[in-house]
Amino acid sequence: MAGTVTVPGANVPSTPLLKDELDIVIPTIRNLDFLEMWRPFFQPYHLIIVQDGDPTKTIKVPEGFDYELYNRNDINRILGPKASCISFKDSACRCFGYMVSKKKYIYTIDDDCFVAKDPTGKDINALEQHIKNLLSPSTPFFFNTLYDPYREGADFVRGYPFSLREGAHTAVSHGLWLNIPDYDAPTQLVKPKERNERYVDAVMTIPKGTLFPMCGMNLAFDRDLIGPAMYFGLMGDGQPIGRYDDMWAGWCVKVICDHLSLGVKTGLPYIWHSKASNPFVNLKKEYKGIFWQEDIIPFFQNVTIPKECDTVQKCYIYLSGQVKEKLGKIDPYFGKLADAMVTWIEAWDELNPSAAAGAANGKAR
């Protein structure tokens with residue numbers, strides 16, 4: 001059952017960035033031994049662990065971490081009938097952690113993601129880099145060829161409009177992976193031994209009007225700015241599709257960020273993705289999505305959110321209606337998904353009444 005455990009720790013930074021303003025959300029089905037290597041970076045922060053699968057199984061967490069742990073029984077108890085919108089037997093269950101958090105920022109990481117090293121051999125503090133990405137502006141309206149102009153040693157290049165140099169608020173920081181790349185099943189099958197060894201020292205803003213494949217294993221976002229749109233859909237047990245949870249969230253988030261003039265960054269930081277999932281199992285989960293995405297992508301490329309949708313919640317409810325109308329023709333699953341999107345917003349607003357009040361009053365953030 002859910003509970004909070006706090007054990008005094010040692011050997012942690014004295015003033016970690018956003019210590020009281022950020023939660024780390026981890027979906028898992030196993031003991032969290034991987035946290036030992038993250039201890040120097042994660043220990044000052046509060047963890048929200050979402051246990052998938054068998055709720056009677058005990059998940060062991062190393063001593064010294066401040067955490068809450070929720071299993072399926074807790075999700076059902078807290079959300080009641082609305083728990084139907086939270087996926088089961090799929091890492092999409094992590095979005096329940098986003099919903100119950102009371103912090104401004106979220107960092108989510110998978111339990112097979114380890115600390116990577118930069119080209120000098122130094123351990124990469126992925127969380128710190130994500131925070132830097134979120135606290136500096138984005139440039140979605142005009143591409144800067146030196147990438148992030150707000151980084152030390154960079155700036156806006158000649159020809160960049162001065163009227164756009166203040167940038168936009170950053171809603172999402174999308175990190176990358178060394179070792180095992182985030183490939184789909186067909187690519188895994190034809191490139192089983194391929195590993196990503198390229199460390200590219202860059203952060204860039206994804207331009208307005210451009211979609212991207214969002215991976216949820218090394219991701220941070222401003223919960224106040226975009227949280228209600230970070231729904232990872234209906235995946236896994238009882239659903240015809242899997243491994244598209246973060247993709248779905250990313251497409252919804254990007255369209256809404258573009259509408260609300262918010263920024264999405266990708267690039268640094270890197271984590272070390274330690275193991276490849278089974279490509280044959282992945283193919284069974286993905287195969288419908290591989291076909292469906294050829295219709296889903298044009299849908300998101302062409303959808304236009306009305307001006308009166310001035311909050312994330314209003315944008316998301318509008319999107320749900322469009323999903324039912326346009327994508328429902330492809331498969332009945334999308335009608336079910338559209339209904340779950342509405343249920344998600346209702347549940348979010350119930351657990352976050354102050355945010356819901358702000359949305360009702362037309363405040364985008």
Side-chain angles (χ1 to χ4, degrees), residues 17-18 21-22 104-108 118 124-177 182 198-216 218-230 246-247 249-271 297 300-305 307 309-312 315-316 319 363-365:
L17 291 169
L18 302 180
E21 298 180 70
L22 182 144
K104 177 173 171 55
Y105 299 98
I106 295 288
Y107 174 52
T108 186
D118 68 18
I124 298 170
N125 184 347
L127 180 54
E128 182 180 55
Q129 180 63 51
H130 274 298
I131 291 170
K132 289 179 179 178
N133 292 348
L134 290 171
L135 294 183
S136 63
S138 296
T139 55
F141 311 117
F142 201 92
F143 189 78
N144 190 55
T145 51
L146 272 183
Y147 307 122
D148 187 353
Y150 305 103
R151 286 187 71 186
E152 185 176 351
D155 211 322
F156 293 97
V157 297
R158 180 171 56 89
Y160 200 100
F162 282 86
S163 60
L164 295 177
R165 293 191 181 193
E166 286 188 5
H169 292 287
T170 301
V172 179
S173 172
H174 178 257
L176 299 175
W177 347 269
D182 186 30
R198 294 193 309 147
Y199 180 95
V200 180
D201 187 11
V203 179
M204 64 185 73
T205 299
I206 300 171
K208 181 178 182 179
T210 300
L211 297 174
F212 76 111
M214 189 176 82
C215 172
N218 176 27
L219 178 73
F221 59 94
D222 186 322
R223 187 174 175 277
D224 287 354
L225 288 181
I226 200 63
M230 274 290 179
D246 42 7
M247 299 292 133
W251 297 326
C252 293
V253 160
K254 187 58 167 63
V255 167
I256 292 174
C257 281
D258 286 351
H259 176 72
L260 297 177
S261 297
L262 300 171
V264 176
K265 293 180 180 179
T266 188
L268 300 180
Y270 285 92
I271 50 82
I297 299 299
F300 281 105
Q301 288 174 327
N302 293 301
V303 70
T304 301
I305 300 175
K307 290 182 178 180
C309 293
D310 55 359
T311 69
V312 176
C315 292
Y316 204 72
L319 271 183
K363 297 175 182 176
R365 63 176 191 276

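Given the structure is predicted, the values throughout are model-derived calculations rather than measurements.
The aromatic rings of Trp177 and His174 stand perpendicular to each other, their planes meeting at an angle above 60°, with 30° marking the opposite boundary. Ring geometry for His130 versus Tyr107: interplanar angle of 30 to 60°, hence tilted.
When side chains are defined from C-beta on, Met230 counts as touching Leu219, because their heavy atoms get closer than 4.5 Å. Using a 4.5 Å cut-off on side-chain heavy atoms (C-beta onward), Val312 and Ile226 make contact. A heavy-atom distance below 4.5 Å is found between the side chains of Leu127 and Leu22.
When all heavy atoms are compared, the tightest approach of Val157 to Arg165 is O-NH2, 3.7 Å. Of all the heavy atoms in Ser138 and Thr170, the pair that sits closest is OG-OG1, 2.6 Å. Of all non-hydrogen atoms in Ala126 and Ile271, the two that sit nearest each other are CB-CG2, 4.0 Å. Closest non-hydrogen pair, Asp222 versus Asp224, comes out as OD1-N, 3.0 Å.
Atom CG of Leu17 sits about 11.0 Å away from atom CG of Leu134, to the nearest 0.5 Å. Note that the OG atom of Ser173 and the CG atom of Leu268 stand 9.0 Å from one another [nearest 0.5 Å]. Taken from OG1 in Thr205 to CZ in Phe141, the straight-line distance is 10.0 Å, to the nearest 0.5 Å. Annotation: the span from Phe156 atom CZ to Leu146 atom CG amounts to 11.0 Å, rounded to 0.5 Å.
Every residue two or more places apart in sequence or in another chain that forms a side-chain contact (heavy atoms from CB on, under 4.5 Å) with Ile124 is listed here: Ala116, Asp118, Tyr199, Pro269, Tyr270. Residues passing the side-chain contact (heavy atoms from CB on, under 4.5 Å) test with Leu135 are Leu18, Tyr105, Ile131, sequence neighbours excluded. Under the rule for a side-chain contact (heavy atoms from CB on, under 4.5 Å), the partners of Tyr147 that lie at least two apart in sequence or sit in another chain are Phe143, Ala202, Met204. With sequence neighbours excluded, the residues that form a side-chain contact (heavy atoms from CB on, under 4.5 Å) with Ser136 are Asp148, Tyr150, Lys265. Listed by chain and residue number, Asp201 satisfy the salt bridge (charged side-chain N to carboxylate O under 4.0 Å, His left out) test with Arg151 (two or more places apart in sequence, or in another chain).
No hydrogens or angles considered: a donor-acceptor pair under 3.5 Å links the side chains of Gln129 and Asn133.
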Result block: side-chain N/O donor-acceptor pairs under 3.5 angstrom for residues 250-262, not counting sequence neighbours:
unit_1: Lys254; atom_1: NZ; unit_2: Pro207; atom_2: O; d: 2.8
unit_1: Lys254; atom_1: NZ; unit_2: Thr210; atom_2: O; d: 3.1
unit_1: Lys254; atom_1: NZ; unit_2: Asp258; atom_2: OD1; d: 2.8
unit_1: Lys254; atom_1: NZ; unit_2: Asp258; atom_2: OD2; d: 3.2
unit_1: Asp258; atom_1: OD2; unit_2: Gly209; atom_2: N; d: 2.9
unit_1: His259; atom_1: ND1; unit_2: Ile305; atom_2: O; d: 3.4
unit_1: His259; atom_1: NE2; unit_2: Pro306; atom_2: O; d: 3.3
unit_1: His259; atom_1: NE2; unit_2: Cys309; atom_2: O; d: 2.7

